[in-house]
2 protein chains.
Amino acid sequence: MKLSDLKTVDQLIEERREKDAEFREIWDSTAFARQVAIIVVRYRTERGLSQRELARLTGLQQPAIARLENGETEPRLQTLAKLTAATGLSFHLDVARGGVELVPA
Amino acid sequence: MKLSDLKTVDQLIEERREKDAEFREIWDSTAFARQVAIIVVRYRTERGLSQRELARLTGLQQPAIARLENGETEPRLQTLAKLTAATGLSFHLDVARGGVELVPA
DNA sequence: GCGTCCGATAACGCGCGCGTTATCATCTAA
DNA sequence: TTAGATGATAACGCGCGCGTTATCGGACGC
């Protein structure tokens, strides 16, 4: 098997998303959480902060930061607000057609 | 006492907001909930719907609609999403500086 | 090897929004 | 006046995100 035959993670996910209705529902419903995860991870790593340090800055806890960065759960608006208070981050959300999207910039 | 001496509700609220720190904190933290309330009430009344009818349309319950319209609680993103799925409504949110704001249009 | 810091994760409880059911006062129509 | 619909609200439980504490394996420096 050639290395070029390997599928990317995105390809594997997309394939299962098309075949498995239940998987698609769960995957799509957590899309927003994953978008937030990327923002948080980027912010933290760019500043060389540990999860514990970011937790202390925001008033959250290290396990809460970890859960956010893993995109496991859909954060509360209150939690997002706490993140923005101490970091200068901001989130622009579009809630429409039954879904929540993170708007860039 | 003349009628013109009566203070508006907004005036009374603003006065207390300036004097009472605890009241100000609670009032400001529920600003977003009140903004959502106005949107929901307007949508429902413009179409002559009852709370029970809107509840059935959105998959929520009549008490949940009532709580939203009274601005009592900060709704979950999931709840806002349910509202938009069946109504065509959309919410644009700005989360920044520790607060949540509803962006017009 | 040893101590230290890291992120991940389990366990348990709490806070709180919502589901569910029921009830209430009020209003309108018949 | 009576019957029906409405919005408000209470009571109770559930779902779930987060607080809290503790622990784990892994990476790094000494």
Side-chain angles (χ1 to χ4, degrees), chain A residues 25-87 89 91 93 95 98 100 102, chain B residues 25-87 89 91 93 95 98 100 102:
Chain A
E25 187 173 347
I26 295 177
W27 183 254
D28 291 357
S29 68
T30 56
F32 170 67
R34 291 194 303 276
Q35 289 179 320
V36 171
I38 294 175
I39 301 288
V40 175
V41 170
R42 175 176 299 161
Y43 175 90
R44 185 174 64 82
T45 55
E46 281 180 350
R47 289 148 210 273
L49 296 173
S50 69
Q51 288 185 348
R52 286 175 176 82
E53 288 170 334
L54 181 58
R56 185 182 48 79
L57 285 175
T58 57
L60 294 170
Q61 301 286 128
Q62 181 264 329
I65 299 293
R67 285 187 288 245
L68 282 179
E69 293 190 352
N70 290 334
E72 296 179 359
T73 60
E74 176 148 300
R76 299 182 187 179
L77 285 169
Q78 185 184 11
T79 305
L80 293 180
K82 284 183 183 177
L83 264 178
T84 66
T87 61
L89 280 174
F91 299 95
L93 311 182
V95 187
V100 184
L102 193 59
Chain B
E25 187 173 347
I26 295 177
W27 183 253
D28 292 357
S29 68
T30 56
F32 170 68
R34 291 193 304 276
Q35 289 178 319
V36 171
I38 294 174
I39 301 286
V40 176
V41 170
R42 175 176 299 161
Y43 176 90
R44 186 174 63 81
T45 55
E46 282 180 350
R47 288 147 212 272
L49 296 172
S50 69
Q51 287 185 349
R52 285 175 176 80
E53 287 170 333
L54 181 58
R56 185 182 48 77
L57 285 176
T58 57
L60 295 171
Q61 301 287 127
Q62 181 263 330
I65 299 292
R67 285 187 288 244
L68 282 178
E69 293 189 353
N70 290 335
E72 296 179 358
T73 61
E74 175 149 297
R76 298 181 187 179
L77 285 170
Q78 185 184 14
T79 305
L80 294 180
K82 284 183 184 178
L83 264 178
T84 66
T87 61
L89 280 174
F91 299 96
L93 280 56
V95 187
V100 184
L102 194 59

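Please read these numbers as outputs of a predicted model, since none were measured by experiment. Each chain gets a letter, A, B and so on, in the order the sequences are listed, and its residues count up from 1.
Judged by distance alone, the side chain of A/Y43 and the main-chain N or O of A/T87 form a donor-acceptor pair under 3.5 Å. A/R44 places a side-chain N or O within donor-acceptor distance of the main-chain N or O of A/L49, the cut-off being under 3.5 Å. With A/R34 contributing its side chain and A/W27 its backbone, the two residues share a donor-acceptor pair below 3.5 Å.
Residue contacts shown for B/Q78 are absent, as no nucleic acid heavy atom lies under 4.0 Å away. A/P63 comes within contact range of at least one nucleobase, with a heavy-atom separation under 4.0 Å.
Look at CG on A/L60: it is 13 Å from C1' on D/dT20, rounded to the nearest Å. Distance, A/R56 CZ to D/dT20 C1': 18 Å, rounded to whole Å. When rounded to the nearest whole Å, the span between CD of A/E53 and P of C/dC5 equals 11 Å. Straight-line distance from the CZ atom of A/R52 to the C1' atom of C/dC6: 7 Å, rounded to whole Å. Separating the CG atom of B/N70 from the C1' atom of D/dA10 is a distance of 14 Å, rounded to the nearest angstrom. If you take CG of B/L80 and P of C/dG17, they are 12 Å apart, rounded to a whole angstrom. Summarising the geometry, the separation between CD on B/E72 and C1' on C/dC16 is reported as 13 Å, rounded to the nearest angstrom. As rounded to whole Å, 9 Å separates atom P of D/dG19 from atom CG of A/L68.
Contact annotation: B/R44 side-chain N/O to D/dG7 OP1/OP2 distance is under 4.0 Å. Distances shown here put a side-chain N or O of B/Q51 below 4.0 Å from the OP1 or OP2 atom of D/dA8. The side chain of B/Q61 places an N or O atom within less than 4.0 Å of a non-bridging phosphate oxygen (OP1 or OP2) of C/dT20. Between A/T79 and the phosphate of D/dG17, there is no side-chain N or O to OP1/OP2 separation shorter than 4.0 Å. Considering only side-chain N and O atoms, B/S50 lies under 4.0 angstrom from the phosphate OP1 or OP2 of D/dT6.
One finds no salt bridge joining B/E53 and B/R47 here, because no Lys/Arg side-chain nitrogen approaches an Asp/Glu carboxylate oxygen to under 4.0 Å.
Listed nucleotides: D/dC16, C/dA8, C/dG19. Nearest to the side chain of A/A66: C/dA8. If you check C/dA22, C/dC18, D/dC18 against the side chain of B/R76, the one that comes closest is C/dC18.
Donor-acceptor pairing under 3.5 Å is recorded for the side chains of B/Q51 and B/E69.
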